[in-house]
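Quick note on labels: first sequence line is chain A, next is B, and so on, each numbered from 1. Atom set for the values below is all heavy atoms of this structure, side chains included, hydrogens, waters and symmetry mates excluded.
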2 protein chains.
Amino acid sequence: MIASEFEACQYARNQRKSSDVNDKNSSKRPTIYDLAELVGTSPTAVSSVLNGSWKKRRISQKLADKVLKAAQENGYTVNIQASVLRRERSNIVGMILPKYDNRFFGAIAEEFETRARAAGLFPVITCTQRDPALELAAARELLSYQVDCLISTGATDPDQISDLCRAAGVKTLNLDLPGTKAPSILSDNFTGARDLTRIILDACERDFGVVDPLLFIGGRKDDHNTQERLRGFLAAHTEREISMPQSQIISEGYAPEKARQSLMAMRRIPHGIFVNSTITLEGVVYWLQSLPAERASRIRCGTFDFDPFGALLPQNVGMVRQDVQGLLARTFEVIKSGKDSAETELVACHLEMPSF
Amino acid sequence: MIASEFEACQYARNQRKSSDVNDKNSSKRPTIYDLAELVGTSPTAVSSVLNGSWKKRRISQKLADKVLKAAQENGYTVNIQASVLRRERSNIVGMILPKYDNRFFGAIAEEFETRARAAGLFPVITCTQRDPALELAAARELLSYQVDCLISTGATDPDQISDLCRAAGVKTLNLDLPGTKAPSILSDNFTGARDLTRIILDACERDFGVVDPLLFIGGRKDDHNTQERLRGFLAAHTEREISMPQSQIISEGYAPEKARQSLMAMRRIPHGIFVNSTITLEGVVYWLQSLPAERASRIRCGTFDFDPFGALLPQNVGMVRQDVQGLLARTFEVIKSGKDSAETELVACHLEMPSF
DNA sequence: CAATCATGCTCCATCGGTTGAGCAACTGCT
DNA sequence: AGCAGTTGCTCAACCGATGGAGCATGATTG
């Protein structure tokens with residue numbers, strides 16, 4: 001008898017499981033073998049019903065229904081590890097992200113997850129605390145999970161990660177900070193910064209009749225984004241023939257406290273300030289609070305990156321909001337296209353003006 | 001000859017791989033079988049060297065060194081899918097998180113990842129946009145990745161997720177919002193809110209000589225955390241024998257715009273305001289901007305949850321900062337203890353006073 | 001009525017790593 | 001020399017899902 005032979009074979013294959021099939025207290029989750037035994041069919045049939053290939057494999061509707069019902073009743077979930085091991089693709093997309101502590105990275109994380117899910121992929125984000133060693137370790141870890149694709153966001157050393165991915169034959173892409181060994185998708189920091197600078201210059205001229213160089217504060221000179229923003233900042237001054245003294249560019253890190261101290265130490269307080277990040281803006285606000293109200297009201301500032309509280313500051317004349325949706329739309333397009341030339345692509349920013 | 005038999009067997013096992021071993025252009029990553037062939041040993045030996053069990057398995061230092069060198073040179077990374085499939089534990093811990101758009105959840109995500117890594121576990125966070133259906137789908141997905149443990153943070157319906165986990169025999173735990181079917185770890189919303197209310201009442205009395213009921217704004221009445229905070233808010237009034245009119249409690253959601261409109265519509269503007277979230281605080285600040293400066297200066301407010309910009313508002317007298325480190329410390333302790341009784345545990349908040 | 005085809009399913013090898021069992025070879029002891 | 005014990009390694013089964021190959025049926029056609 002073929003049927004009993006099959007059953008015997010199943011039983012031999014997995015004694016413990018078989019005896020647990022009808023045991024609701026069993027903590028082991030059911031497998032396709034368990035369902036096959038319950039329904040009285042083969043594991044292959046069960047698998048193909050559950051993964052959708054059953055039509056192609058000419059399984060009858062009747063059997064499919066029985067299998068689906070059994071799966072439902074027994075709370076079956078596929079074992080992805082086994083599935084991925086067997087298939088060529090994992091459908092997992094990994095992302096390395098420096099921090100979750102600001103709106104920009106938070107929005108990137110959410111948008112990435114949403115788009116990945118919409119594309120039928122499983123997103124895994126891992127946060128690397130701006131630590132190069134952790135970035136590398138995390139990349140390696142994601143690779144060992146067989147990600148199909150790895151996105152390095154704001155990575156300290158994206159090229160090293162690209163190398164790892166290349167060795168593993170995994171697609172990769174740099175977001176927010178460029179690398180030379182994979183496609184890079186960035187905000188147009190130059191244009192955003194230039195437009196913001198113009199707005200601040202306009203406000204100073206309009207409100208105070210002053211045409212002075214602005215103060216640039218925050219960021220690091222060795223940081224690509226700071227360099228580009230500085231370039232935009234200087235371009236806006238050059239086009240108005242305002243010369244820029246070196247002392248007006250303070251780029252000694254993003255930390256709020258550092259910015260506050262630098263501002264406190266200045267002999268001549270500028271009317272217009274270009275703030276290079278929302279985190280630096282915290283320090284600027286702290287400093288503003290220490291000024292007499294009348295003096296504080298005679299300052300205008302604009303910030304690169306958006307924060308809803310920052311936008312409500314009376315001194316605020318504009319914030320550059322990066323187009324997170326646009327950045328990730330392009331990211332997924334590039335992934336899909338399979339392109340892997342190390343070209344850099346810019347996505348325009350949006351200038352958010354105060355609405356009050 | 002045993003050696004040649006072994007090699008022949010290996011070759012038969014995997015023709016394509018074997019011929020690729022020395023091919024640097026091959027995009028396939030090396031496996032333990034490849035390394036075994038390179039070094040001239042068995043896959044078992046390679047595996048045990050690479051996963052650290054070689055001492056126990058009495059592999060010689062010499063062979064271990066050779067294997068490690070080969071692994072290094074060929075950029076070997078373990079295939080976790082295969083490894084997890086065979087082992088009983090995955091060492092993956094999953095977390096469901098509503099949003100990444102505020103400091104609280106951002107900090108939870110970072111702290112969770114840090115602690116998981118420190119415990120030798122692999123953290124996977126997935127963001128569910130406060131969507132109950134997505135929460136459930138995400139939980140199912142994480143289970144199919146064989147997570148050892150699943151943490152529901154701020155989940156709409158944590159009990160449903162607990163049920164899923166129970167069926168799969170997976171440990172689970174609720175964070176930030178309580179459930180009835182798994183251990184819950186929450187901030188002590190009651191005490192935090194009561195203490196904050198006291199501070200605001202103190203400030204109104206000290207600065208304006210007024211002993212009036214405060215305004216409570218933000219949140220939802222059916223939300224556990226709002227209920228607890230409201231209880232603390234009322235307790236602080238009761239202990240001072242201040243009676244609370246219903247009209248002073250506005251709990252129609254967290255949205256900033258909603259809060260602003262409610263405030264605009266009030267006939268009598270209160271001196272003291274209890275703001276139930278930083279997101280609601282945005283609306284309050286928006287409204288403050290619309291007031292004459294002199295009037296705005298005669299308001300004191302405190303907020304549940306912390307935001308660095310919010311802390312810098314001149315009207316701010318305190319922010320309740322939830323103890324994210326404490327919450328996650330307890331979370332990991334409970335996980336480790338294996339406890340699964342549905343008890344709720346409270347973690348104290350910290351009252352952050354303005355420092356200027 | 002035999003040959004052909006479609007239908008509905010099962011068998012088996014496979015993905016890569018892990019683990020219990022076991023086997024040579026060598027050492028030390030009586 | 002004989003035996004136990006140690007050292008250093010290999011074998012083979014297994015985890016759960018998947019897909020190509022193939023095998024009985026039953027229906028259709030010349």
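One atom, OH of A:Tyr76, and another, C1' of D:dA17, lie 7 Å apart when rounded to the nearest Å. Here the P atom of nucleotide D:dC15 and the CZ atom of A:Arg29 are 15 Å apart, to the nearest Å. Atom P of nucleotide C:dG17 and atom CZ of A:Arg86 are separated by 16 Å, given to the nearest angstrom. Atoms CZ (B:Arg89) and C1' (C:dT18) sit 16 Å apart, rounded to a whole Å. Summarising the geometry, the separation between CD1 on B:Ile32 and C1' on D:dT10 is reported as 13 Å, rounded to the nearest angstrom. We find that CD1 of A:Ile80 is positioned 10 Å from P of D:dA17, with the value rounded to whole Å. One can place CD of A:Glu88 at 10 Å from C1' of D:dT18, the figure rounded to the nearest angstrom. Counting to the nearest Å, the P atom of C:dG16 and the CG atom of A:Leu85 are 7 Å from each other.
With rounding to the nearest 0.5 Å, the separation of NZ in A:Lys99 from OG1 in A:Thr153 is 15.0 Å. Put simply, CD on A:Glu110 and CG on A:Leu328 are 11.5 Å apart, with the number rounded to the nearest 0.5 Å.
Aromatic rings from A:Phe122 and B:Tyr145 are positioned such that their centres are separated by under 6.0 Å.
Taking only side-chain atoms of A:Val78, from C-beta outward, the nucleotide of C:dT10, D:dA17, D:dA13 with the closest atom is D:dA17. Of the candidates D:dG16, C:dG17, D:dA17, the closest approach to any side-chain atom of B:Tyr33 belongs to C:dG17. Considering only the side chain of B:Thr31, C:dG17 comes nearest among D:dG16, C:dC9, C:dG17.
Counted within 6.0 Å of CD on B:Glu333, heavy atoms from surrounding residues, nucleotides or ligands total more than 12; the atom is thus considered enclosed. For B:Lys55, the NZ atom sits in a loose shell: 12 or fewer heavy atoms of surrounding residues, nucleotides or ligands are nearer than 6.0 Å.
Put simply, A:Ser42 has no side-chain N or O that comes within less than 4.0 Å of OP1 or OP2 on C:dC11. Regarding contacts with the backbone of D:dG16, every side-chain N or O of B:Tyr145 stays at 4.0 angstrom or more from both OP1 and OP2. In this structure, A:Ser83 does not reach the D:dA17 phosphate: none of its side-chain N or O atoms is under 4.0 Å from OP1 or OP2.
A salt bridge links A:Arg89 with A:Asp148; the closest basic N to acidic carboxylate O contact falls under 4.0 Å.
For the contact set between residues 49-65 of chain B and DNA chain D, defined by any heavy atom under 4.0 Å, the members are B:Arg57, B:Arg58, B:Ile59, B:Ser60, B:Leu63.
End-to-end axis angle of the helix from C:dC1-D:dG30 to C:dT30-D:dA1, using five pairs per end and rounding to 10°, comes to 60°.
In summary, the side chains of A:Glu135 and A:Thr156 do present a donor paired with an acceptor at a separation below 3.5 Å, with no hydrogens or angles considered. Judged purely by distance below 3.5 Å, without hydrogens or angles, the side chains of A:Arg117 and B:Thr126 pair a donor atom with an acceptor atom.
Pairing each heavy atom of B:Ile161 with each of B:Ala139, the nearest pair is CG2-CB, 4.1 Å.
Using a 4.5 Å heavy-atom threshold, the side chains of A:Val93 and A:Phe112 count as touching.
In this model, no side-chain donor or acceptor of B:Thr44 finds a partner on the base of C:dG17 within 3.5 Å. Judged by atom type and distance alone, A:Arg87 does not reach the base of D:dT18 through any side-chain donor-acceptor pair under 3.5 Å.
At a threshold of 4.0 angstrom between heavy atoms, the contacts of B:Ser47 include nucleobase atoms, whether or not backbone atoms are also involved.
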